[in-house]
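Have a look at the structure below, then the notes.
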Amino acid sequence: MSFRNIKDTTIDFGKGINIFYGDNAQGKTNLLESVYICSTGRSQRTRSESQLIKFGYDQAHIRTFVIRENSSDRIDVHLKRDERKGMAVNGIPIRKMSEFFGNLTAVIFSPEDLRLVKGGPSERRRFMDIELCQLSRLYCHDLQDYYKILKQRNNLLKTLYKDRSAEDTLDIWDMQLVKYGNDVIKSREKFVKEINDLVKSIHTKLSGDREQLEIIYEPCVKEQDFE
């Protein structure tokens, strides 16, 4: 394995609740992190993948078997120092994250979650995007297409600074950006509404009916104004 401080370890999870306990710095959190990576393709603790590889090693490999009632999948994540990670499902290499999401669904709670409150808007967008991509491959496609079009549109704007001959194509990119952008905004609004329906009653009970919790989605532009 060579992941973090874990080396060549195999763990079979039992049905129901599994509890891991032991001394500090033995790899309990690292184990949960490895499962989360096999679910989302990324770590919830760091954006530097080289930090995930055990000190003194050049690569790490995580393999997870997902057993369901009528099917099973094998998920592989191969981390290499200073190179892009490789991912595969049932031995088939994954080229797009939209193909990876949904094979293993996971929710993790950790001290890093405080960034949702203390951090900037990018942390909250990242949280919503990861959750929505696990729930909906359509959203994952829309989000990928949005950022792809945004990048191409920005490149066009840089080109127009020196050469105005392609200016007529800008409207085409704008239309595509509005289409996928509206779909992303709409999905995020629906996601926040569904979360509210869950957390309101839970928080009311926890506070003994003394408090009400509401999550509000405030994008810099609304769907109807994006165009």
Side-chain angles (χ1 to χ4, degrees), residues 1-14 18-68 71-116 118-120 122-134 137 140-141 143-148 150-152 155:
M1 197 179 195
S2 304
F3 176 81
R4 296 282 194 181
N5 67 340
I6 303 173
K7 180 184 176 184
D8 300 332
T9 301
T10 300
I11 296 177
D12 293 322
F13 293 93
N18 292 258
I19 298 175
F20 297 90
Y21 63 93
D23 295 335
N24 291 337
Q26 299 305 303
K28 301 186 297 298
T29 303
N30 295 340
L31 172 64
L32 297 178
E33 182 182 24
S34 69
V35 174
Y36 190 74
I37 290 173
C38 287
S39 172
T40 65
R42 66 195 75 189
S43 166
Q44 83 283 8
R45 300 164 71 191
T46 179
R47 297 188 182 184
S48 174
E49 293 177 352
S50 62
Q51 294 181 9
L52 303 175
I53 301 173
K54 186 177 176 70
F55 183 76
Y57 289 77
D58 293 326
Q59 55 186 340
H61 193 160
I62 309 169
R63 173 169 291 172
T64 301
F65 292 93
V66 184
I67 311 298
R68 305 180 186 87
S71 64
S72 63
D73 291 306
R74 189 189 81 199
I75 300 172
D76 289 279
V77 178
H78 196 181
L79 302 165
K80 295 182 179 180
R81 202 176 296 278
D82 301 324
E83 291 185 35
R84 292 187 62 181
K85 64 176 173 287
M87 299 183 295
V89 176
N90 298 324
I92 302 174
I94 297 297
R95 304 300 181 192
K96 298 180 180 179
M97 283 304 300
S98 58
E99 300 171 356
F100 190 77
F101 281 112
N103 293 291
L104 170 62
T105 304
V107 177
I108 192 166
F109 299 95
S110 70
E112 286 77 18
D113 291 338
L114 288 174
R115 292 189 306 222
L116 287 173
K118 295 182 176 181
S122 61
E123 295 289 346
R124 291 180 279 279
R125 280 197 300 270
R126 182 172 181 267
F127 170 79
M128 281 200 294
D129 289 341
I130 291 175
E131 303 310 315
L132 278 166
C133 284
Q134 290 190 83
R137 291 197 175 184
C140 194
H141 280 295
L143 188 67
Q144 286 182 327
D145 287 338
Y146 175 81
Y147 281 119
K148 188 187 302 180
L150 179 64
K151 182 178 179 180
Q152 292 171 327
N155 288 336

Without swapping roles, check the side chain of Ser98 against the backbone of His141 for a donor-acceptor pair under 3.5 Å. no
Check whether Asn103 reaches the backbone of Glu99 with its side chain - one donor and one acceptor, N or O, closer than 3.5 Å. yes
Distance (rounded to the nearest 0.5 Å) between Ile11 CD1 and Ser34 OG: 7.5 Å
Mind listing the closest non-hydrogen atom pair of Asn90 and Ser72 along with its distance? OD1-O, 4.2 Å
Is the shortest heavy-atom distance from the side chain of Ser39 to the side chain of Gln134 under 4.5 Å? yes
Straight-line distance of Arg137 CZ to Met97 CE, nearest 0.5 Å: 10.5 Å
Does some side-chain heavy atom of Ser43 sit less than 4.5 Å from a side-chain heavy atom of Leu52? yes
Hey, what do you get for CG (Asp58) to CG (Leu79), rounding to the nearest 0.5 Å? 12.5 Å
Please test Asp129 against Phe127 for side chain to side chain contact (heavy atoms under 4.5 Å, CB included), starting from the C-alpha separation and ending with a verdict. CA-CA 6 Å; Asp129 289 341; Phe127 170 79; over 6 Å; no
Just wondering, are more than 12 heavy atoms of other shown residues or ligands nearer than 6.0 Å to CZ in Arg68? yes
Min side-chain heavy-atom separation Leu32-Val35 under 4.5 Å: no
Approximate separation, where rounding is to 0.5 Å, of Lys80 NZ and Glu49 CD: 12.5 Å
Rounding to 0.5 Å, atoms CD1 (Ile37) and NZ (Lys85) come to a distance of 8.0 Å
Within the 4.5 Å heavy-atom criterion, are Phe65 and Asp73 side-chain neighbours or not? no
State the OH-OG distance between Tyr36 and Ser110, to the nearest 0.5 angstrom. 8.5 Å
Side chain to side chain contact (heavy atoms under 4.5 Å, CB included) partner of Ile75, the single match among Ile94, Ile62, Val66: Val66
Enclosure of Lys7 NZ (heavy-atom neighbours >12, cutoff 6.0 Å): no
Find out whether Asp145 and Leu143 are in side-chain contact, i.e. whether some heavy atom of one side chain is under 4.5 Å from a heavy atom of the other. no
Work out which heavy atom in Asn5 is nearest to a heavy atom in Ala25; give both atom names and the distance. ND2-O, 3.3 Å
If you compare all heavy atoms of Cys133 against all heavy atoms of Phe101, which two are closest, and at what distance to 0.1 Å? O-CB, 3.3 Å
With sequence neighbours left out, what residues match Asp76 under salt bridge (charged side-chain N to carboxylate O under 4.0 Å, His left out)? Arg63, Arg74
Among Gln44, Arg45, Lys28, find the residue that satisfies the side chain to side chain donor-acceptor pair (under 3.5 Å) test when tested with Glu33. Arg45
Could you go step by step and tell me if Thr46 and Ser48 meet the side-chain hydrogen bond (donor to acceptor under 3.5 Å, both in side chains) rule? CA-CA 5 Å; Thr46 179; Ser48 174; 4.9 Å; no
Could you walk me through whether Arg81 and Gln51 pass side chain to side chain contact (heavy atoms under 4.5 Å, CB included), step by step? CA-CA 9 Å; Arg81 202 176 296 278; Gln51 294 181 9; over 6 Å; no
Under 4.5 Å between any side-chain heavy atoms of Phe3 and Ile53, yes or no? no
Sorted by chain and residue number, the ring-ring contact (aromatic ring centres under 6.0 Å, His included) partners of Phe13 (sequence neighbours excluded) come out as Phe20
When His78 is tested against each of His61, Arg84, Glu83, Gln59 for side chain to side chain donor-acceptor pair (under 3.5 Å), which residue passes? Gln59
Does a side-chain heavy-atom distance below 4.5 Å link Phe100 with Val77? yes
Between Ser2 and Ala60 the two heavy atoms that sit nearest each other are O-CB, 3.1 Å
